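These notes concern the structure reproduced below.
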Amino acid sequence: MLHDQAVVDNGYAMTHPLHPNVKLSAAPAQFDDQLPEIRRQAPTIGQHSREVLIEPVYTTDEVDQLARDGVIRT
């Protein structure tokens with residue numbers, strides 16, 4: 001697939017922003033004839049754990065305890 005001329009021409013195999021030897025599958029859609037691009041990297045593991053868990057589910061103290069127990073990564 002990575003060598004298919006249509007895939008190459010349409011930018012459907014994009015280069016990973018941090019690992020240039022890794023190719024990522026792009027959404028097979030273009031708008032205004034623009035090739036797809038990665039504008040920002042994905043969040044790191046646990047980057048948003050606190051924001052997601054605090055208030056709707058757990059208190060700050062409970063989230064701290066989950067992190068200390070190794071249940072979540074922050």
Side-chain angles (χ1 to χ4, degrees):
M1 178 198 96
L2 293 176
H3 302 290
D4 182 287
Q5 196 59 47
V7 170
V8 173
D9 291 346
N10 290 301
Y12 293 152
M14 304 181 332
T15 302
H16 189 285
L18 301 178
H19 306 283
N21 294 331
V22 175
K23 298 289 184 182
L24 302 172
S25 177
Q30 292 182 11
F31 301 96
D32 298 327
D33 293 323
Q34 296 293 315
L35 292 176
E37 65 180 283
I38 299 173
R39 296 184 192 157
R40 59 182 172 180
Q41 66 187 40
T44 58
I45 294 174
Q47 183 175 343
H48 298 112
S49 294
R50 290 186 176 284
E51 294 88 349
V52 171
L53 294 173
I54 291 176
E55 291 201 22
V57 182
Y58 297 103
T59 66
T60 303
D61 291 337
E62 290 171 323
V63 171
D64 290 342
Q65 187 61 51
L66 291 171
R68 282 192 298 274
D69 292 344
V71 176
I72 63 168
R73 291 175 71 177
T74 59

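Nothing here was measured: the structure is a model prediction, and the numbers come from that model.
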* **Common cluster, Val57/Val71, ILVMFWY with side-chain heavy-atom separation under 4.5 Å** => yes
* Asked: If you measure from CD1 on Ile72 to CG on Asp64, what distance do you get to the nearest 0.5 Å?
  -> 8.5 Å
* Side-chain touch His16/Asn21, heavy atoms, less than 4.5 angstrom -> no
* Structure fact -> One should read off an interatomic distance between Ile45 CD1 and Thr74 OG1, to the nearest 0.5 angstrom, of 12.5 Å
* Structure fact -> Scanning both residues in full, the closest heavy-atom pair of Arg73 with Ser49 reads O-OG, 2.9 Å
* To do: Return the minimal non-hydrogen interatomic distance between Thr15 and Lys23, and the atom names on each side.
  => OG1-NZ, 3.1 Å
* Who else is in Leu18's hydrophobic cluster (ILVMFWY, side-chain heavy atoms under 4.5 Å, direct or via others)? -> none
* Gln65 side, atom CD; Thr59 side, atom OG1 - distance, nearest 0.5 Å -> 10.0 Å
